[in-house]
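Sequential numbering from 1 along the given sequence is applied to the chain's residues.
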Amino acid sequence: MNQEKIKALHLLAEKLRLTRDFLNHDFLDYISKSPVMEPMKWNWAIDTYKFILAEKHSIPEEIYSLCNALFIDVFQTEGQKFVELCSQRIEIVQKGKPDNEIREVIINQYHNWRKEFTIKANETIASVEQSLTIPEGLEKSDYDIGLSFAGENRSFVENVALILRENGVKVFYDSFEADSLWGKNLYQHLNEIYKTKCKFTIIFISEAYSRKHWTNHELKSAQARVFKENREYILPVRFDDTQLPELDKTVGYLDARSHQPSDIAELALRKLKSINSR
C-alpha cells in the first residue's frame, strides 16, 4: 500500500472517531442544556463526508461503500428526522410555550439515531484498521505465487512459470527449486510452502490432479491457508471439467482450454498488483 493511501485511511479513521465521539458526548450535552437547538450544526460531519468523497480514489471500494452508507443512510436519513424535531422545538420556544415534551422526544430520537450511527461507525473504523494491516501470510511470504499441478500438465504450467519469472515474480515451481528440494522432507516442506510461504497459489485442475497423492496434499495445505485468512488465495485453472470436492463450485476459475499461458500469467500479475497496492 502506498503512502498516499495509508495517510488517507489514517485520516479517515480519525475523522470517523471524532464524529462518533462528538455524537456520543459533546453533542448530547449541548442538546440537554441549550434552550434552543440550532438544527444545522453539522460542520464536523459535513467535513468528514467531504473528505470521504475527495479521497474516494485512495479508499478501498468496500470501505468507501461503508462510509457512504454511514452518511447517506444513517446520518442523512435518520439525522433529518432529528433536525425536523429540533426545528419544531425552535418554533415552540419562540412562541413562549413550554418545550419539555418536545425536548424529551428530541432526546429519545437522538439516542436512537446516535446508537445506529455509532454501531455502523465502529464497523467502518474496524474495516479501515483491518485494511491497514498486512495479512500475516503476506508479511512472511517467500514467494509471490506457488504453482500446484500434475506432471501431465507440466509443459503448459512451465510456460506460465517462465513468463512470471521473466516479469520479476518470485514463483514456486518445482523445476526452479531442484537444488533446494534435494534431500528435504517433501511432505513437510510442501505443506509449509502452500500453507504459509506464498501470496497466491494457482491450482491447475485436471483429472490427473484429482487422483494424485502429492497434488491433493498441496491442495489441502492451500485450503488451510484459505480457512485461516478468509481471503482469495487459491486461483484455479481448469484443463478439463474435473471437480475437486475441496473447492467450492462457485469459486471463479480460468479455463486453460481457452486461455494461453501468457493470458494466465498476465492475470496473475494483475492479482499481485492489486494485493501489493493495498
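If you take CD on E192 and NZ on K197, they are separated by 5.0 Å, rounding to the nearest 0.5 Å. In this structure, the separation between CD1 on I52 and CG on L70 is 7.0 Å, given to the nearest 0.5 Å. Between R225 atom CZ and K195 atom NZ the span is 10.5 Å, to the nearest 0.5 Å. The NZ atom of K15 lies 6.5 Å from the CZ atom of F51; values are rounded to the nearest 0.5 Å.
Between Y187 and H213, the ring planes lie parallel to each other; the angle is under 30°, not in the 30° to 60° tilted range. Aromatic ring orientation, Y194 versus F172: perpendicular (interplanar angle above 60°, classes split at 30° and 60°).
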- Would I205 and V237 count as a side chain to side chain contact (heavy atoms under 4.5 Å, CB included) if you check the C-alpha gap in whole Å, the side-chain angles of each, and the deciding distance to 0.1 Å? CA-CA 6 Å; I205 303 169; V237 176; over 6 Å; no

- Task: Verify salt bridge (charged side-chain N to carboxylate O under 4.0 Å, His left out) between E152 and K212, making sure each step is shown before the conclusion.
- Result: CA-CA 11 Å; E152 287 82 347; K212 294 200 171 186; 2.9 Å; yes

- Show your reasoning for whether side chain to side chain contact (heavy atoms under 4.5 Å, CB included) applies to I234 and V226. CA-CA 7 Å; I234 293 175; V226 173; 3.9 Å; yes

- Item | Test side chain to side chain contact (heavy atoms under 4.5 Å, CB included) applied to K7 and L11, step by step | CA-CA 6 Å; K7 182 180 178 181; L11 283 172; 4.2 Å; yes

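You'll find the side chain of K199 stays beyond 4.5 Å of the side chain of I145, heavy atoms only. Between L147 and E218 there is no side-chain heavy-atom pair separated by less than 4.5 Å. By the 4.5 Å heavy-atom criterion applied to side chains, K50 and L53 are not counted as neighbours. Between D144 and F200, the closest side-chain pair of non-hydrogen atoms is not below 4.5 Å. Contact check for K271 versus E232: side-chain heavy atoms found under the 4.5 Å cut-off. Proximity of K120 to L66: side-chain heavy atoms (C-beta onward) are nowhere separated by under 4.5 Å. You'll find the side chain of T201 stays beyond 4.5 Å of the side chain of L235, heavy atoms only. For the pair I202 and S148, the minimum side-chain heavy-atom distance is 4.5 Å or more.
Ion pair R238/D255 not flagged as a salt bridge, since none of the NZ, NE, NH1 or NH2 atoms sits closer than 4.0 Å to an Asp/Glu carboxylate oxygen. Using a cutoff of 4.0 Å between basic side-chain nitrogens and carboxylate oxygens, E266 and R270 are scored as salt-bridged. A salt bridge between D142 and K170 is absent, with no side-chain N of the basic residue lying under 4.0 Å from a carboxylate O of the acidic one. Ion pair R17/E129 flagged as a salt bridge, since at least one NZ, NE, NH1 or NH2 atom sits closer than 4.0 Å to an Asp/Glu carboxylate oxygen. One finds a salt bridge joining R257 and D241 here, because a Lys/Arg side-chain nitrogen approaches an Asp/Glu carboxylate oxygen to under 4.0 Å.
Shown here is Q188, whose CD atom has no more than 12 heavy atoms of other residues, nucleotides or ligands within 6.0 Å.
In summary, the side chains of T19 and T48 do present a donor paired with an acceptor at a separation below 3.5 Å, with no hydrogens or angles considered. Side-chain atoms of R154 and S175 include a donor-acceptor pair closer than 3.5 Å. Residues Y143 and E177 have side chains that bring a donor and an acceptor to within less than 3.5 angstrom of each other. Side-chain contact, N191 with S221: a donor N or O sits under 3.5 Å from an acceptor N or O.
Closest heavy-atom contact between F156 and Q260: CZ-C, 4.1 Å. The nearest pair of heavy atoms linking A265 to I163 is CB-CG2, 3.5 Å. Closest approach of N159 to P261, counting heavy atoms only: CB-CB, 3.6 Å. Taking every heavy atom of both residues into account, A8 and S58 meet most closely at CB-CB, 3.8 Å. For the pair L244 and I203, the tightest heavy-atom approach, listed with the atom from each and the gap, is CD1-CG2, 4.5 Å. Annotation for R20 and N122: closest pair NH1-OD1, 2.9 Å, computed over non-hydrogen atoms.
There is no path of hydrophobic side-chain contacts, each under 4.5 Å, that joins F204 to V251. Cluster annotation: Y253 is not connected to F239 through the hydrophobic network of ILVMFWY side chains, with a link wherever side-chain heavy atoms come within less than 4.5 Å. One hydrophobic cluster, built from ILVMFWY side chains closer than 4.5 Å, cannot hold both V128 and I119; they sit in different ones.
Each of L16, L12, I63 was scored for a side chain to side chain contact (heavy atoms under 4.5 Å, CB included) with I125, with one residue passing: L16.
Every side chain to side chain contact (heavy atoms under 4.5 Å, CB included) that K184 has, sequence neighbours left out, goes to S180, L186, H189. Partners of Y209 according to the ring pair (Phe, Tyr, Trp, His ring centres under 6.0 Å) rule, which considers only residues two or more places apart in sequence or in another chain, do not exist here. Every residue two or more places apart in sequence or in another chain that forms a ring pair (Phe, Tyr, Trp, His ring centres under 6.0 Å) with Y173 is listed here: F149, F176.
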